[in-house]
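Working notes, beginning with the structure itself.
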4 protein chains.
Amino acid sequence: MLIDYQDGRPIYEQIVENYKRLILKGALEPAEQMPSVRQLATMLSTNPNTVQRAYMELERQGYLYSVKGKGSFVRREEGQRERIREEIRDRIREELGRARELRIDTEALLAELAEEERDARQKGGKG
Amino acid sequence: MLIDYQDGRPIYEQIVENYKRLILKGALEPAEQMPSVRQLATMLSTNPNTVQRAYMELERQGYLYSVKGKGSFVRREEGQRERIREEIRDRIREELGRARELRIDTEALLAELAEEERDARQKGGKG
Amino acid sequence: MLIDYQDGRPIYEQIVENYKRLILKGALEPAEQMPSVRQLATMLSTNPNTVQRAYMELERQGYLYSVKGKGSFVRREEGQRERIREEIRDRIREELGRARELRIDTEALLAELAEEERDARQKGGKG
Amino acid sequence: MLIDYQDGRPIYEQIVENYKRLILKGALEPAEQMPSVRQLATMLSTNPNTVQRAYMELERQGYLYSVKGKGSFVRREEGQRERIREEIRDRIREELGRARELRIDTEALLAELAEEERDARQKGGKG
DNA sequence: GTGGTCTAGACCACT
DNA sequence: GTGGTCTAGACCACG
């Protein structure tokens, strides 16, 4: 995992995003132990407090749980993928709302995107 | 135009967003004069610096041009709507990318959204 | 407001609790400006970071909103009192659950408490 | 007995809670010998230190007594159930105090809870 | 060893 | 001035 110090977003937020992605992709097993706060801080050459804050946020959002004295662990719940799907759909709906305000043909826009997806799937499917 | 202090986003950013929207919707005519920095600052009971910053950003993004000693004016170019359409499409592509990473069926997702749009159009079209 | 350094609970949590109480009681008006992070830190002779953390938590829980460069403000929503009522009821239900496990007569317990409340109201109502 | 690592509460505290509950329910006889520290640590696949700490706490609270060289034993006194009843009543009083501060009608609240209890008893009583 | 809290002091973005 | 992020280093509770 890499932190982009040029990125405007705070470091702790980048850590959160990265781990959310990894957990949701299934790259990390449920109940798998996370690197310790100090360990990850060293790996990213950042401050333990920053990592701590990221872990706190991941715990609050339900991606992790921590046990004092033992470590932090992945909590992959069922239904999490569905929740994310809804979030993504909501964000796309927002974009479509903006488009509609400008009298852009949203159905045509979606059709173009659907075509892209279909093409990508056919090419990627054989790769 | 109203500023939502509870929004969390900085005020200057809200001003930028609001004017971008107004200009793109055509609510403001090309070459129309914008309120002066001090005027708008008073209207929004905010700081002139904040408005100044918003105008700078709008100018940088090509929505305004300013003439020293005269004021700021709307620059409505042709092709602007198309540029926005591309921006929106890119942001949706990003969301779809995230979905694909989680092995969510993006084509099904787009189909659902397209259906929503169609339904909304049919209902709204008669309203 | 006072911090109890003997209390086992962390300082930031005590700040959160105190302000939640004040806001819910109506002792702080909606949209009223909170003391600045640095100011409150000085008042409580604690570290600005600790206050910052408390404010962050209060914002996350919907009691506050912060505007960079301006300050933090009380956000008293409607329906908040009802939400709290539910929380309290849930915590009492938990206690009753524990009592039931020990075969304690919960209805008698509640009756005693109701009588206490009635007595207190009659005495307090005339004071 | 099971430890819930996702619970958040420290392990030793969960052990204390669990044994308090078992003893009060009468599931453990007075003077019954507790599993040895090492034994229970193995059973819960946790650290003997953790179990030791839980036993210390249970002893401090008067639920156990230990005999050097022999082991730990359950101390089920008379009057213990009454003590617990008082503890529960005090905790509910605290909750009612919080409710009163917000001008919530505590008598109505208690009435609702009493009704719930009555309903649960009638349904459960026949099950 | 682990996570959780706190201090002291810095820099940044925003008003 | 304000809030937000980060560093460096400390101490505590827990296992």
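What you see below is based on every heavy atom in this structure, not just the backbone, and it leaves out hydrogens, waters and symmetry mates. Keep in mind it's a predicted model, so treat the numbers as computed, not measured.
- Heavy-atom nearest nucleotides on DNA chain F were determined for Arg53(A) and for Gln39(C), and the one closer to the 5' end corresponds to Gln39(C).
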For residues 42-52 of chain A, please give each side-chain donor-acceptor pair under 3.5 Å, one per line with the distance, not counting sequence neighbours.
from, atom 1, to, atom 2, distance (Å)
Thr42(A), OG1, Arg38(A), O, 2.9
Asn47(A), OD1, Asn49(A), N, 2.7

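- Applying the salt bridge (charged side-chain N to carboxylate O under 4.0 Å, His left out) test to Glu86(C) and every residue at least two apart in sequence or in another chain returns Arg89(C).
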Pairing string of DNA chain E (Watson-Crick or G-U wobble, both atom distances under 3.5 Å; | = paired to other strand) is ||||||||||||||.
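- Where Thr50(A) and Thr50(D) each meet DNA chain F at their nearest nucleotide, the meeting point lying more 5' is that of Thr50(A).
- Nearer to the 5' terminus of DNA chain E, by closest-nucleotide assignment, is the contact made by Tyr5(C) (compared with the other of Tyr5(C) and Val67(C)).
- Remark: Ser66(A) engages Glu59(A), Ser72(A) in a side chain to side chain donor-acceptor pair (under 3.5 Å) (not counting sequence neighbours).
- Across residues 56-64 of chain B, not one residue has a non-hydrogen atom less than 4.0 Å from an atom of DNA chain F.
- Asp90(C) meets the side chain to side chain donor-acceptor pair (under 3.5 Å) test with Arg93(C); sequence neighbours excluded.
- Remark: Thr46(A) is in phosphate contact with dT7(F), judged by side-chain N or O atoms under 4.0 Å from OP1 or OP2.
- Side-chain proximity of Pro10(A) to the nucleotides dG3(F), dT5(F), dA13(F) is greatest for dT5(F).
- In this structure Gln6(B) satisfies the side chain to side chain donor-acceptor pair (under 3.5 Å) test together with Arg75(C), sequence neighbours excluded.
- No donor-acceptor distance shorter than 3.5 angstrom exists from the side chain of Glu17(C) to the backbone of Gln14(C), with no hydrogens or angles considered.
- Scanning for side chain to side chain donor-acceptor pair (under 3.5 Å) contacts around Gln61(B) gives Lys20(B), Glu57(B), with sequence neighbours left out.
- Glu94(D) meets the salt bridge (charged side-chain N to carboxylate O under 4.0 Å, His left out) test with Arg98(D); sequence neighbours excluded.
- Counting to the nearest Å, the P atom of dC6(F) and the CD1 atom of Ile11(A) are 5 Å from each other.
- Every residue meeting the salt bridge (charged side-chain N to carboxylate O under 4.0 Å, His left out) condition with Arg9(A), not counting sequence neighbours, appears here in chain and number order: Asp7(A).
- A search for salt bridge (charged side-chain N to carboxylate O under 4.0 Å, His left out) contacts involving Glu101(D) returns Arg21(C), not counting sequence neighbours.
- Closest to the side chain of Tyr12(D), from the set dT5(E), dG15(F), dG4(E), is dG15(F).
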Atom pairs under 3.5 Å, N or O on each side, protein against nucleotides 9-11 of chain F: can you list them with distances?
from, atom 1, to, atom 2, distance (Å)
dG9(F), O6, Asn49(A), ND2, 2.9

